[in-house]
Number of protein chains: 2
Amino acid sequence: MLEEMHAFLQREGFRVLTAVTGKEALAIARSERPDLVVLDWMLPEKSGIDVCRELRQTSNCGIIMVTARSDESDKIVGLEIGADDYLTKPFSLRELASRLRALLRRLRGPEDRPTFLERDNLIISEAKCQVCKDGREIQLTPTEFKILYTLAARPGMVFSRLQLLKAALADEYMGYERTMDSHIRNLRRKLGDDPANPRYIQTVYGFGYRFGEQS
Amino acid sequence: MLEEMHAFLQREGFRVLTAVTGKEALAIARSERPDLVVLDWMLPEKSGIDVCRELRQTSNCGIIMVTARSDESDKIVGLEIGADDYLTKPFSLRELASRLRALLRRLRGPEDRPTFLERDNLIISEAKCQVCKDGREIQLTPTEFKILYTLAARPGMVFSRLQLLKAALADEYMGYERTMDSHIRNLRRKLGDDPANPRYIQTVYGFGYRFGEQS
DNA sequence: GCGTGACTTCATATACTCTTGAAGAAGTCC
DNA sequence: GGACTTCTTCAAGAGTATATGAAGTCACGC
């Protein structure tokens, strides 16, 4: 079964390493640092559960447990102990591959941002670098766009002026912090935001700015 | 079944919102931005698959599909389209809860450091620079916020006035120590803390202040 | 070159926060 | 209870942060 799985996953485009015992698995995981681990519950020398627990102490990799034990309580133990998914034999290899890909997507997750954000009556499209309000396009400069996108990606979260400048321009930006005030002013004007009571870009005195959470 | 699930997950500590149609689900997801979505394949008006696809365009939330269709190809479609997990009916609610928790663990990501503190009926969010009591936001000044955060990060630990001033303002603060008394007074007033018998910010005579331990 | 648009800086007005000290209340110790 | 220390309260002035308009710098295409 191990060989079958190895061959199939390799054909699906994964780079696969295998181990026969729990000890071996841990050793390989430590040296090779895989993105994903497929773990059988029943292993010689060390149970899959123990391997899972030990792995979790040093690694954030995705773990899918695979086993013949279909008891509900076993599944729950596996999941609570740190596994991301739990498959009961028999299962299809294609399903395993799909679950691995889904998990991988999640692991890589936070980086790949959605291609557009919809907030209130604004649509912010990263792919097109364009912003629409009520269906009408608003012309923004590149810097303004990046600032707005950074803010709108996490509504309610407060960003300092420096954080925003670093996000919008170079990461090593070392200029005048008040520059951000000007960009914010221009953004608010273009978005039709009332500075006294802003709907989109709100000032957080002493900290910076945030994108307003709609209620 | 919807009601049963709602009740069970609520008992497990999740805050649950429900929708009966796909359209409704999308509307709620957009306005409430849930961390997790449990999605049935068969929905009136819009299929779970469509909802999943649309959700993924704007949201990075965890999605578990739940369905009576146990076809391998259905599972694979669901997973490839953006769902994180796929459960076939009948399934146990306890397993669902475990899978939700596993997914949540993954969503919250590698930075295991929580960005907010929850004390008693207060929620102190560092990312949002905002404090809520009983769900209502309390407006604090930057200094007040930093003092409260410092205290609440270590309940029961006593901080001297100077320590708190250095934490909240510059580390080289060299002013009048009694300044802290004013900030504490303002904080207690805003938090609704009775100075004679404070619940949150307690005076330690001769030493300083501490955040009250609750248990 | 010159004009244009994008970004930055500056000066000023305005808004908000922090600090201060003194008086009185509360706590501690003998 | 008395003497002493420490804490709370208060309001006004000093101090700091933000908004805004205008002007300066820079790169790019014509």
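A note on names: the letters A, B, ... follow the listed sequences, proteins ahead of strands, and every chain is numbered from 1. In this text the structure is predicted, and so the values were computed from the model without any measurement.
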Subject >> For atom CG of Asn197(B) and atom P of dA26(C), their distance in whole Å >> reply: 14 Å
Original post:
Hey, does the side chain of Thr143(B) come within less than 4.0 Å of dT17(C)'s phosphate (OP1/OP2), counting only N and O?
Top reply: no
Original post:
Atom CZ of Arg189(A) to atom P of dC7(C): distance rounded to whole Å?
Top reply: 13 Å
Original post:
What integer distance in Å separates Gln202(A):CD from dA15(C):C1'?
Top reply: 17 Å
Original post:
Phosphate oxygens OP1/OP2 of dC7(D): is one of them under 4.0 Å from a side-chain N or O of Tyr209(B)?
Top reply: no
Original post:
What distance do Gln202(A) atom CD and Arg210(A) atom CZ have between them, rounded to the nearest 0.5 Å?
Top reply: 5.0 Å
**OP:** Measure from CG on Leu140(A) to P on dC7(C) and round the result to the nearest Å.
**Re:** 10 Å
Original post:
Where do Glu12(B) and Arg101(B) land on the salt bridge (Lys or Arg N to Asp or Glu O under 4.0 Å) test, with the steps shown first?
Top reply: CA-CA 10 Å; Glu12(B) 290 278 316; Arg101(B) 270 192 292 272; 3.0 Å; yes
Subject >> Of residues 174-185 of chain A, the positions that come close to DNA chain D - non-hydrogen atoms, cut-off under 4.0 Å >> reply: Arg178(A), Asp181(A), Arg185(A)
Original post:
Hey, is the main chain of Ser160(A) close enough, under 3.5 Å, to the side chain of Gln163(A) for a donor-acceptor pair?
Top reply: yes
Subject >> Derivation and outcome, side chain to side chain donor-acceptor pair (under 3.5 Å), residues Ser98(A) and Glu80(B) >> reply: CA-CA 6 Å; Ser98(A) 285; Glu80(B) 299 291 343; 2.9 Å; yes
Original post:
Expressed in angstrom and rounded to an integer, what is the separation of Leu148(A) atom CG from dA6(C) atom P?
Top reply: 16 Å
Original post:
For dT8(D), does OP1 or OP2 lie under 4.0 Å from any side-chain N or O of Arg188(B)?
Top reply: yes
Subject >> Gap between atoms CG and P, on Asn186(A) and dT18(D) respectively (whole Å) >> reply: 17 Å
Original post:
When you measure from the side chain of Thr203(B) to the backbone N and O of Tyr205(B), does any donor-acceptor pair fall under 3.5 Å?
Top reply: no
Subject >> Euclidean distance, atom CG of residue Leu165(B) to atom C1' of dT17(C) [Å, nearest integer] >> reply: 14 Å
Original post:
At what distance, to the nearest 0.5 angstrom, does OH of Tyr200(A) lie from CZ of Arg188(A)?
Top reply: 13.0 Å
**OP:** Would you indicate what Arg161(A) reaches in the nucleic acid, counting non-hydrogen atoms under 4.0 angstrom: base, sugar-phosphate, or nothing?
**Re:** sugar-phosphate
**OP:** Describe the nucleic acid contact of Phe145(B) in one word from base, sugar-phosphate, nothing, applying a heavy-atom distance below 4.0 Å.
**Re:** nothing
Original post:
Within the pair Thr203(A) and dA17(D), is there a side-chain N or O less than 4.0 Å away from OP1 or OP2?
Top reply: no
**OP:** For Thr58(B) and Glu118(A), run side chain to side chain donor-acceptor pair (under 3.5 Å): C-alpha distance rounded to whole Å, both residues' side-chain angles, the deciding distance at 0.1 Å, then the answer.
**Re:** CA-CA 7 Å; Thr58(B) 57; Glu118(A) 197 173 349; 5.5 Å; no
Original post:
Rounded to the nearest Å, what distance is computed from the CD atom of residue Glu144(B) to the P atom of nucleotide dC16(C)?
Top reply: 14 Å
**OP:** Output the single nucleotide from dC7(D), dT17(C), dA19(D) whose closest atom is nearest the side chain of Tyr205(A).
**Re:** dT17(C)
